[in-house]
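All heavy atoms count here, side chains included; hydrogens, waters and symmetry mates do not. One-based numbering, in listed order, for ligands and for the atoms of each.
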Amino acid sequence: MAGRYVSVAEPILGEAERGNVKQVLDSGRFLQGPMVEEFEKKWANYVGTDHAVAVSNGTAAIQLALKSIGLQPGDEVIVPSLTFGSTATAVVHQAGVPVFADIDRELYTLDHTDLERCLTDETAAIMPVHLYGHPAEMNEIQAFADTHDLYVIEDAAQAHGAAYRGQQVGSIGDVGCFSFYATKNITTGEGGIITTDNEAIAEVLRMLRSHGMANRDEHVTLGYNHRMSDLNGAIGTAQVDRLKSFNKRRREISERLAAELDDLDWLEPATVRDYVDHAYFWAPFEVQVDEIGLSGKKVWAELREQGVETRHRYNVPLYDQPVFADHRGFNSEFPWSANPNEHNYDLSLPNVEDVVGSMIGLPNHPGLESEDIEYVIETIRAFDPEDS
Ligand SMILES: Cc1ncc(COP(=O)(O)O)c(C=O)c1O
């Protein structure tokens with residue numbers, strides 16, 4: 001193991017977060033309260049939506065978003081096949097059926113040219129994911145949704161502060177979902193938030209996160225306990241103030257890595273469209289497996305041995321995950337059994353199959369010192385497959 005170890009993600013917390021948390025501890029009021037309210041106002045303002053509803057995590061955000069649009073048992077939601085699992089498990093938790101689309105070969109986000117194939121009479125929504133912080137092609141996706149009267153739920157769990165043609169992600173579709181898990185661009189420890197301009201949806205979301213209660217006495221809908229505590233809100237409200245500078249630094253580091261590693265045949269920086277602001281959740285690169293003669297996993301393991309931690313995700317297409325491939329729903333085949341369509345997920349989508357297993361994310365978090373970045377560059381430039 002090398003002497004230096006550069007980590008791929010680190011939460012960056014300072015005096016403002018500590019001060020806010022102390023204030024909550026001193027107040028003795030930990031449940032959803034004034035800090036969460038302030039966090040919601042700031043986040044809505046940042047994203048540019050009328051409402052932001054804080055919840056316990058990003059997965060809960062997606063689940064509540066799906067319920068808030070009125071998803072019915074057996075309704076279908078089109079999702080990309082290469083993303084974190086909960087984009088699609090959240091659909092099943094709401095008794096919906098995920099339908100797996102291919103990814104754009106250059107952007108790794110949902111391929112809008114595959115939407116037509118995925119469309120059925122049961123389709124209710126499309127859920128693009130702004131993967132690794134690069135916005136999906138929202139103009140085309142939104143146009144398709146408008147034509148077919150579908151909802152658009154943005155999974156922006158990896159894309160805080162990203163923008164598509166000048167518009168912040170989370171404000172483009174009907175609803176946007178963010179995660180504030182510890183490794184994200186900003187964090188609350190665990191946490192999530194849902195953004196929307198739709199007043200009625202926001203009202204439903206506020207009830208859903210708190211037992212479906214309209215007031216202390218009435219459970220008017222099937223709700224959950226998915227509130228965010230004020231301790232998490234206290235961290236979040238301070239983190240929002242730092243997002244712009246964090247993302248600026250992520251971008252500088254990511255662009256430097258791309259420029260300084262550009263001539264390597266075996267490692268290609270991910271494409272960035274000139275009409276987006278990338279949030280650079282990691283600095284994404286594609287390992288050219290044929291060039292280097294090593295799998296993405298082997299490159300990831302070797303770099304870790306040499307003191308450079310990278311992310312190596314997503315290595316199994318969602319349509320091959322047993323939970324979906326074997327229809328493992330509510331201890332039965334429900335919700336698939338509530339749907340007249342055959343969804344055996346016997347898929348082999350060309351772009352997914354081409355990319356799967358070859359992505360790595362290099363460290364780019366704002367806590368990195370310039371020696372760390374130089375070490376990453378030197379280590380990767382000196383990387384020799386013969387030594388592995
Ligand atoms: C694309 C995507 N969607 C959803 C989630 C779920 O967020 P959480 O971990 O906060 O539940 C994540 C988190 O890792 C994610 O990366």
Mind listing the N or O contacts between ligand 1 and protein, cut-off under 3.5 Å?
{"from": "ligand 1", "atom 1": "3 (N)", "to": "D155", "atom 2": "OD1", "distance (Å)": "3.3"}
{"from": "ligand 1", "atom 1": "3 (N)", "to": "D155", "atom 2": "OD2", "distance (Å)": "2.7"}
{"from": "ligand 1", "atom 1": "7 (O)", "to": "S179", "atom 2": "OG", "distance (Å)": "3.4"}
{"from": "ligand 1", "atom 1": "10 (O)", "to": "G58", "atom 2": "N", "distance (Å)": "2.8"}
{"from": "ligand 1", "atom 1": "10 (O)", "to": "S179", "atom 2": "OG", "distance (Å)": "2.7"}
{"from": "ligand 1", "atom 1": "11 (O)", "to": "G58", "atom 2": "N", "distance (Å)": "3.4"}
{"from": "ligand 1", "atom 1": "11 (O)", "to": "T59", "atom 2": "N", "distance (Å)": "2.9"}
{"from": "ligand 1", "atom 1": "11 (O)", "to": "T59", "atom 2": "OG1", "distance (Å)": "2.5"}
{"from": "ligand 1", "atom 1": "14 (O)", "to": "K184", "atom 2": "NZ", "distance (Å)": "2.7"}
{"from": "ligand 1", "atom 1": "16 (O)", "to": "Q158", "atom 2": "NE2", "distance (Å)": "2.9"}

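- Looking only at atom types and distance, the side chain of D346 has no donor-acceptor partner in the side chain of N344 under 3.5 Å away.
- Evaluation of the salt bridge (charged side-chain N to carboxylate O under 4.0 Å, His left out) rule for K67 yields no partner, not counting sequence neighbours.
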Which donor-acceptor pairs under 3.5 Å do the side chains of residues 13-22 make with protein atoms, sequence neighbours left out?
{"from": "E17", "atom 1": "OE1", "to": "G14", "atom 2": "N", "distance (Å)": "2.8"}
{"from": "E17", "atom 1": "OE1", "to": "R242", "atom 2": "NH1", "distance (Å)": "3.0"}
{"from": "E17", "atom 1": "OE2", "to": "Q239", "atom 2": "NE2", "distance (Å)": "2.8"}
{"from": "E17", "atom 1": "OE2", "to": "R242", "atom 2": "NH1", "distance (Å)": "3.0"}
{"from": "R18", "atom 1": "NH1", "to": "G14", "atom 2": "O", "distance (Å)": "3.4"}
{"from": "N20", "atom 1": "ND2", "to": "A234", "atom 2": "O", "distance (Å)": "3.0"}
{"from": "K22", "atom 1": "NZ", "to": "D26", "atom 2": "OD2", "distance (Å)": "2.8"}

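- No salt bridge links E252 with R256; every basic N to acidic carboxylate O contact stays at or beyond 4.0 Å.
- A61 meets the side-chain contact (heavy atoms from CB on, under 4.5 Å) test with V55, C177, I194; sequence neighbours excluded.
- Salt bridge status for R311 with E309: present, with a side-chain N to carboxylate O gap under 4.0 Å.
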